[in-house]
Amino acid sequence: MEDLKERLLPAKPASVINPRDVLSLKKRGQGIRSWISVDAATGDSQVIEVDKFTMMRRCDLPARDLRLLDPLFVYPSTVLGREKAIVVNLEQIRCIITSDEVLLLNSLDNYVLQYVVELQRRLKAARDGDVWQSESSDVDRPKGGRRFGSVFGCTLPDYLPFEFKALEVALEAACTFLDTQAAELEIEAYPLLDELTSKISTSDLERVRRLKSRLVALTRRVQKVRDEIEQLMDDDGDMAEMYLTEKKRRMESLFYGGDQSVAGHRSMDGIQSVSAPISPVSSPPTGRRFDRNLSLARSRHEGTSSSEGATENIDELEMLLEAYFIVTDSTLNKLKTLKEYIDDTEDFINIQLDNVRNQLIQFELILTTATFVVTIFGVVAGIFGMNFDISLFEYSSAFKWVLLMTGVSGAILFSSFLWFLKYKRLMPL
């Protein structure tokens with residue numbers, strides 16, 4: 001019976017995925033990656049190796065945000081503002097910006113190294129400016145400490161917070177990378193298209209096809225960066241969410257202010273407990289009422305301070321984004337101009353090919369007409385080549401007259417065909 005079951009029933013399929021492979025895939029997804037950390041206070045950079053979960057806890061980010069930075073996946077350009085970090089995926093620059101540091105995926109790409117060097121240079125320049133500012137008089141410094149004037153009375157530009165500086169360097173690196181590729185494409189395209197208009201060859205057409213494919217891909221990338229910046233500019237909430245330093249300062253002030261308020265409340269409770277008898281019925285509602293009023297005051301203070309500071313912060317970030325929006329829009333216009341030039345060249349080539357095709361058709365029509373006329377000689381030769389006797393064969397000059405009359409008739413017929421084609425405007429004769 002068991003032998004019969006084994007012969008009739010199909011064999012159990014073997015496991016396709018080995019459990020060890022599943023564990024290896026999990027470890028690969030949680031694998032340790034190399035990051036470049038740039039400190040906001042000192043500007044020093046160091047290479048750290050952390051896994052995915054540690055990075056999620058460190059920056060308070062979900063796994064889907066870190067997936068945008070994974071080099072194994074291809075995602076379009078994205079800038080996301082989170083509670084404690086800004087996730088930036090702009091071409092070669094993939095980083096996490098916090099209020100204290102920038103975590104950049106370690107890469108040997110030249111633009112990544114330039115990003116680190118440029119950010120360190122700007123942080124050093126900002127520190128030197130802060131030291132010089134502290135040595136100067138505090139009279140010229142406006143309220144809030146964002147602007148300061150020199151001893152000559154001129155007003156220096158705003159000092160952006162650290163996250164905006166890092167974001168600005170990332171936008172500058174992405175825009176520079178895209179603009180460089182657009183410039184290289186222009187240098188390669190315009191001479192090739194000019195050469196193609198004068199002489200059409202298969203190799204040049206193949207080069208134009210590849211160039212057009214690169215142009216379409218680059219245009220799509222520039223368009224995505226431009227749309228991402230425009231989307232951030234149109235949403236005040238997203239821009240306010242990206243002000244990490246202000247949110248951190250607000251939370252710290254709220255935390256320390258709350259501790260002082262709770263300490264004062266406890267001291268008042270202690271004073272009251274000395275002078276008044278303890279009532280187990282009336283004390284808890286009073287404490288709860290005070291805590292509720294304290295929480296309302298905190299929320300009201302937080303909402304007022306956030307509404308006052310959001311406008312200025314949004315204006316700063318909006319001006320920053322607007323500058324790079326103009327740069328990306330200019331790059332996009334250059335690519336569109338190149339695309340129009342390619343389309344015009346293709347139209348010109350098609351017109352040239354149509355003209356050559358029409359000339360070939362006209363030549364074929366003339367050749368067909370001439371062939372028809374020559375066929376008349378063959379018909380006459382066939383008639384006189386039949387085996388019969390006529391009196392015309394007795395004259396020696398008969399051959400000349402037949403040949404002459406046949407030629408004149410063919411010429412008249414050919415001229416009639418040409419006049420008809422010209423009359424119908426089928427040939428520009």
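- With salt bridges taken as basic N to acidic carboxylate O contacts below 4.0 Å, one links D179 and K334.
- Using a 4.5 Å heavy-atom cutoff, the side chains of W35 and L105 are in contact.
- Counting heavy atoms from C-beta on, the side chains of L418 and K422 never come closer than 4.5 Å.
- The neighbour count for Y75 OH, taken as heavy atoms of other residues, nucleotides or ligands under 6.0 Å away, is above 12.
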Stepwise side-chain contact (heavy atoms from CB on, under 4.5 Å) test for E316 and L320: CA-CA 6 Å; E316 291 178 356; L320 173 64; over 6 Å; no

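- In this structure, CG in L192 is found 6.5 Å from CG in L196, a value given to the nearest 0.5 Å.
- In this structure, R58 and I48 have side chains that are in contact, with non-hydrogen atoms separated by less than 4.5 Å.
- The pair E184-R214 fails the salt-bridge criterion, with no side-chain N (NZ, NE, NH1 or NH2) lying under 4.0 Å from an Asp/Glu carboxylate O.
- Under a cut-off of 6.0 angstrom, the local environment of CZ in F377 is crowded, with over 12 non-hydrogen atoms contributed by other residues, nucleotides or ligands.
- The distance from the CZ atom of F177 to the CG atom of L218 is 8.5 Å, given to the nearest 0.5 Å.
- Residues D354 and N350 have side chains that never bring a donor and an acceptor to within less than 3.5 angstrom of each other.
- Atom NZ of K84 is surrounded by 12 or fewer heavy atoms from other residues, nucleotides or ligands within 6.0 Å.
- Using a 30° and 60° split on the angle between ring planes, Y423 and W419 fall in the parallel class, below 30°.
- Two residues are said to be in side-chain contact when any heavy atoms from C-beta on lie closer than 4.5 Å; L171 and F325 fail this criterion.
- In this structure, E228 contributes its side chain and V79 its backbone to a donor-acceptor pair below 3.5 Å.
- By the 4.5 Å heavy-atom criterion applied to side chains, I342 and L211 are counted as neighbours.
- Between the side chain of S330 and the backbone N or O of I326 there is no donor-acceptor pair closer than 3.5 Å.
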E206 and R210: CA distance, side-chain angles, deciding distance, salt bridge (Lys or Arg N to Asp or Glu O under 4.0 Å) verdict: CA-CA 6 Å; E206 179 64 23; R210 295 177 181 176; 3.3 Å; yes

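- Nearest heavy-atom pair, R122 versus E118, reported as atom, atom and distance to 0.1 Å: NE-OE2, 2.7 Å.
- Between A182 and T331, the shortest heavy-atom distance links the atoms CB-CG2, 3.9 Å.
- Residues Q92 and V112 come closest through the heavy atom pair O-CG2, 3.6 Å.
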Verdict with supporting geometry, L123 and L119, side-chain contact (heavy atoms from CB on, under 4.5 Å): CA-CA 6 Å; L123 291 176; L119 182 59; 4.2 Å; yes

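- To the nearest 0.5 Å, the span separating OH on Y115 from CD1 on I36 amounts to 10.5 Å.
- To the nearest 0.5 angstrom, C59 atom SG is 13.5 Å from E83 atom CD.
- Under the 4.0 Å criterion applied to side-chain N and carboxylate O atoms, K247 and E163 are not assigned as salt-bridge partners.
- With a 4.5 Å cut-off on side-chain heavy atoms, L215 and T219 count as touching.
- The pair E252-R249 does not meet the salt-bridge criterion, since no charged nitrogen lies less than 4.0 angstrom from a carboxylate oxygen.
- Taking all atoms of both residues into account, the shortest heavy-atom contact from L338 to A189 is CD1-CB, 3.6 Å.
- To the nearest 0.5 Å, the span separating CG on D51 from CE on M56 amounts to 10.0 Å.
- No side-chain donor from either of N89 and T78 sits under 3.5 Å from a side-chain acceptor of the other.
- For the pair Q46 (side chain) and S37 (backbone), a donor-acceptor distance under 3.5 Å is absent.
- The shortest non-hydrogen separation linking L80 to R82 is CD1-NH2, 3.5 Å.
- For the 3.5 Å distance criterion, the side chains of Q231 and D227 fail to qualify, holding no donor opposite an acceptor.
- Within the 4.5 Å cutoff, the side chain of D70 has heavy atoms near those of the R33 side chain.
- Across all their heavy atoms, G81 and M242 have their closest contact at CA-CG, 3.9 Å.
- Between V116 and V38, some side-chain heavy-atom pair lies under the 4.5 Å cut-off.
- Within 6.0 Å of the CZ atom in F420, the count of heavy atoms belonging to other residues, nucleotides or ligands does not exceed 12.
- Expressed to the nearest 0.5 Å, how far CZ of F162 lies from CG of L167 amounts to 11.0 Å.
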